[in-house]
*Asks:* 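Before we start, here is the structure in question, set down as C-alpha cells.
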There are 2 protein chains.
Amino acid sequence: MQRQIPEVVVSRLPMYIRGLTELYQGGIALVNSGDLGARLGIAPAQIRKDLSYFGKFGRRGRGYNVALLLGELSQILGLDRQWLMAVVGVGRLGRAIMDYKGFAPRGFKIVAAFDRDRKVIGRKVSDVEIQDMSELEATVKEKNVNIAIVAVPSSEAQEVIDLLVQSGVRSILNYAPICGKVPPGVRLEGIDPVLALQSMTYYLARSCDDLS
Amino acid sequence: MQRQIPEVVVSRLPMYIRGLTELYQGGIALVNSGDLGARLGIAPAQIRKDLSYFGKFGRRGRGYNVALLLGELSQILGLDRQWLMAVVGVGRLGRAIMDYKGFAPRGFKIVAAFDRDRKVIGRKVSDVEIQDMSELEATVKEKNVNIAIVAVPSSEAQEVIDLLVQSGVRSILNYAPICGKVPPGVRLEGIDPVLALQSMTYYLARSCDDLS
DNA sequence: GTTTGTGAAATAGTTCACAGCA
DNA sequence: TGCTGTGAACTATTTCACAAAC
C-alpha cells in the first residue's frame with residue numbers, strides 16, 4: 001500500500017469491477033486471483049499486485065470475498081455515489097448517447113444537455129430538456145455536474161472543451177475525433193471507434209499480405 | 001527499422017494520422033516532430049522513435065513532408081484500401097452505429113447487418129438490409145467482410161463473438177460491456193464508455209475529498 | 001542553424017517466486 | 001495444503017543526447 005498509483009493500475013480496476021459483478025450476479029461468493037484473471041485475460045500476479053496498491057483484501061489460502069472486494073473497489077473508484085453528467089451536442093450521436101441505457105444502472109446520470117441549434121433547444125430527449133449553450137456554465141454549476149460528454153462536430157469540439165473547463169468541469173469524455181487540449185488538473189478521454197479500427201487493420205493487413 | 005513492432009507503437013499510428021490529416025487539411029506541407037507532438041500531446045522523441053520502427057520518413061533539418069508521411073502511415077496501417085464491416089445486433093445501439101457518419105469517410109464501410117429479432121429482419125438501416133443471424137456465416141464469406149461490430153446485449157455477446165470467429169472474422173469491435181474471449185490470431189477490442197468514466201471518477205473523487 | 005534517427009540510459013510496468021498465513 | 005501479498009528480477013517503454021544530414 002502506497003501513494004501515487006500508476007494510471008494503468010487505475011484503468012484496470014473497472015475491469016475487475018466488471019468481472020466481480022458477473023461473479024456476484026452468478027451467485028459466486030469467493031474467487032481467487034487465478035480464476036478472476038482467467039475470466040478477464042489478466043495475469044493473476046497482476047491482479048494481486050494491483051490490489052496491493054490499495055490494501056489487503058484477500059484471505060491467504062481462500063481468495064477474495066466477491067461482494068467485499070466489489071464494495072472496496074467501488075469505494076476506491078468513487079462509484080459508491082451517483083455522478084451527474086451533461087451532454088454537449090445533441091445531433092445524431094448526442095441523441096444516441098442520451099438514449100443509451102448503459103449509464104444509469106452503473107451510476108452515471110445525464111441531467112443536462114446543450115446544443116447551439118435553435119431547432120432542438122427546448123425539446124426533450126430521454127427526459128432531459130435541451131438548453132442553449134449560453135446556459136451551460138450556470139446550469140453546470142447549479143446542477144453540480146462534474147462530468148461532460150462532448151458530441152459536437154470536430155470543428156467545434158475544442159471550443160466546447162474550453163467552455164466546459166471554464167465552467168468548472170474536471171472530467172470530459174470526448175466523442176469527437178480530435179485530440180483536444182485541457183489544462184493540468186482536467187481529465188480528457190477520447191472515445192473513437194475509428195482509432196481502434198485503424199490499429200486492427202494493421203494486423204489484418206499483415207495476415208492477408210504475408211503468407212509467410 | 002526492424003521486426004515485431006510493439007502494440008503501443010501501432011496504437012499511436014492512428015493518432016499521427018489524425019494529427020497529420022488536420023495539418024494536411026490546413027494546407028501545411030511540412031511538420032517537425034516537435035510541432036506534431038505538441039498538437040497530439042506526445043513527446044517529439046516518441047514520435048521519431050515510433051516512426052523509426054518502419055523506416056526513415058523525414059529530412060534532417062527540415063522535418064516531415066505531411067502528405068508523404070500521411071501516405072506512408074496509411075499504407076503501413078492498411079488504410080489504403082476499403083474495409084468492409086458487418087454489424088451484429090440492430091437495437092438502439094446497433095442502429096446508432098449504422099447511422100454514424102464517421103466510418104465511411106475514413107475507409108470503413110458497413111455492408112451487412114444481422115439480428116435475431118424477426119421484427120427487424122428485412123428492414124433497411126442506412127441502406128443495409130438486416131438479415132437473420134443464420135445467414136451470418138455465408139454472407140460474411142460472400143461479401144468478404146473482415147471486421148465485425150458487436151452491438152448485442154451482454155448476455156448474447158460471447159455467443160455472437162464465437163459465431164463470428166467461426167465464420168472467419170479476424171477483427172471484432174465489441175460494444176457490449178463484457179470481456180470476451182477469442183482464440184489466438186483474432187483481435188477483439190472493446191468500446192465501453194462506462195469503463196472510461198469509471199477510471200475518471202477515481203481522480204474526481206480524490207480532488208473532491210482531499211483538500212490536502 | 002535545424003531537426004532527424006538512434007543507441008544508450010532511465011523509467012515504468014509486469015512477472016516471478018516464495019515467505020507467511022489461514 | 002492453497003492462495004495472498006510483495007520484494008526482487010525481469011521486460012517493456014520512454015526519454016535522453018548527440019552524431020549525421022541537410
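The chains referred to below are lettered A, B, ... by the order of the sequence lines, with proteins before strands, and numbering in each begins at 1.
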*Asks:* Which parts of nucleotides 7-12 of chain C does protein reach within less than 4.0 Å, heavy atoms only, written one letter per nucleotide 5' to 3' as B for base, S for sugar-phosphate only and - for none?
*Replies:* BB----
*Asks:* More 5' along DNA chain C: A:Arg59 or A:Glu7, using each one's nearest nucleotide?
*Replies:*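 Nearer the 5' end of the strand: A:Glu7.
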*Asks:* Rounded to the Å, how far apart are A:Arg62 CZ and C:dC21 C1'?
*Replies:* 13 Å
*Asks:* By salt bridge (charged side-chain N to carboxylate O under 4.0 Å, His left out), which residues pair with B:Lys143, not counting sequence neighbours?
*Replies:* none
*Asks:* Grab the NZ-P distance between A:Lys56 and D:dT4 for me, whole Å please.
*Replies:*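 It is 14 Å, rounded to the nearest whole Å.
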*Asks:* Would you give me the side-chain donor-acceptor pairs under 3.5 Å for residues 176-183 of chain B, sequence neighbours excluded?
*Replies:*
residue, atom, partner, partner atom, Å
B:Lys181, NZ, A:Arg39, O, 2.9

*Asks:* OP1 or OP2 of D:dT14 less than 4.0 angstrom from a side-chain nitrogen or oxygen of B:Tyr53, does that happen here?
*Replies:* no
*Asks:* Using the closest heavy atom to pick a nucleotide of DNA chain D for each, name whichever of A:Gly61 or A:Asp50 lands nearer the 5' end.
*Replies:* A:Gly61
*Asks:* Can you tell me the distance, in whole Å, between the CZ atom of A:Phe57 and the P atom of D:dT6?
*Replies:*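 After rounding, the gap between these two atoms is 11 Å.
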*Asks:* Rounded to the nearest Å, what distance is computed from the CG atom of residue B:Leu68 to the P atom of nucleotide C:dT4?
*Replies:*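 Rounded to whole Å, this separation is 14 Å.
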*Asks:* What residues in residues 178-186 of chain A put a non-hydrogen atom under 4.0 Å from any atom of DNA chain C?
*Replies:* none
*Asks:* Please list residues of residues 12-33 of chain A whose heavy atoms come under 4.0 Å from any atom in DNA chain D, ordered by number; otherwise none.
*Replies:* A:Asn32, A:Ser33
*Asks:* Using a cut-off of strictly less than 4.0 Å, decide whether B:Gln46 has a side-chain nitrogen or oxygen near OP1 or OP2 of D:dT13.
*Replies:*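 Checking D:dT13 against B:Gln46, no side-chain N or O comes under 4.0 Å of OP1 or OP2.
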*Asks:* Flag the pair A:Glu22 and A:Arg18 as a salt bridge only when some basic side-chain nitrogen lies within less than 4.0 angstrom of an acidic carboxylate oxygen.
*Replies:*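 A salt bridge is absent here (no side-chain N lies under 4.0 Å from a carboxylate O).
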*Asks:* Among pairs that include at least one residue of residues 85-105 of chain A, which meet ring pair (Phe, Tyr, Trp, His ring centres under 6.0 Å), considering only residues two or more places apart or in two chains?
*Replies:* A:Tyr100-A:Phe103
*Asks:* Considering residues at least two apart in sequence or located in another chain, which fulfil the side-chain contact (heavy atoms from CB on, under 4.5 Å) criterion with A:Tyr24?
*Replies:* A:Val66, A:Ala67, A:Leu70
*Asks:* Pairs under 3.5 angstrom only: tabulate donor-acceptor contacts from the side chains of residues 26-33 of chain B to other protein residues two or more places apart or in another chain.
*Replies:*
residue, atom, partner, partner atom, Å
B:Asn32, OD1, B:Gly34, N, 3.1
B:Asn32, OD1, B:Asp35, N, 2.8
B:Ser33, OG, B:Arg48, NH1, 3.1

*Asks:* With hydrogens left out and only the distance checked, is there a donor-acceptor pair under 3.5 Å joining B:Arg60's side chain and the base of D:dA20?
*Replies:*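 Such a pair is found, so the answer is yes.
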*Asks:* Within the pair A:Tyr64 and D:dG5, is there a side-chain N or O less than 4.0 Å away from OP1 or OP2?
*Replies:*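 For D:dG5, OP1 or OP2 has a side-chain N or O of A:Tyr64 closer than 4.0 Å.
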*Asks:* Could you tell me whether B:Lys56 and B:Glu72 have a side-chain N and a carboxylate O separated by less than 4.0 Å?
*Replies:*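 Judged by the 4.0 Å cut-off on N to carboxylate O distance, B:Lys56 and B:Glu72 do not form a salt bridge.
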*Asks:* Given C:dC16, C:dT4, C:dA22, identify the nucleotide with an atom nearest to the side chain of A:Ala45.
*Replies:*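 Between C:dC16, C:dT4, C:dA22, the one nearest the side chain of A:Ala45 would be C:dC16.
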*Asks:* Going by side-chain contact (heavy atoms from CB on, under 4.5 Å), name the residues that satisfy it together with A:Arg92, two or more places apart in sequence or in a different chain.
*Replies:*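 Partners of A:Arg92 under the side-chain contact (heavy atoms from CB on, under 4.5 Å) test: B:Asp99, B:Lys101.
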*Asks:* Mind calculating the distance between CZ (A:Arg48) and P (D:dT6) to the nearest angstrom?
*Replies:*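 Distance check: A:Arg48 CZ to D:dT6 P gives 11 Å.
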*Asks:* Under the side chain to side chain contact (heavy atoms under 4.5 Å, CB included) criterion, do A:Val145 and A:Thr139 qualify, and how do the steps go?
*Replies:* CA-CA 8 Å; A:Val145 165; A:Thr139 305; over 6 Å; no
*Asks:* Rounded to the nearest Å, what distance is computed from the CG atom of residue B:Asn65 to the P atom of nucleotide C:dT4?
*Replies:* 13 Å
*Asks:* Using side-chain contact (heavy atoms from CB on, under 4.5 Å) as the criterion, list what pairs up with B:Leu84, not counting sequence neighbours.
*Replies:* B:Gln82, B:Lys109, B:Val111
*Asks:* Who passes side-chain contact (heavy atoms from CB on, under 4.5 Å) against B:Gln25, sequence neighbours left out?
*Replies:* B:Thr21
*Asks:* Output all residues satisfying salt bridge (charged side-chain N to carboxylate O under 4.0 Å, His left out) with B:Asp50, sequence neighbours left out; order by chain, then residue number.
*Replies:*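 Expected list: B:Arg12.
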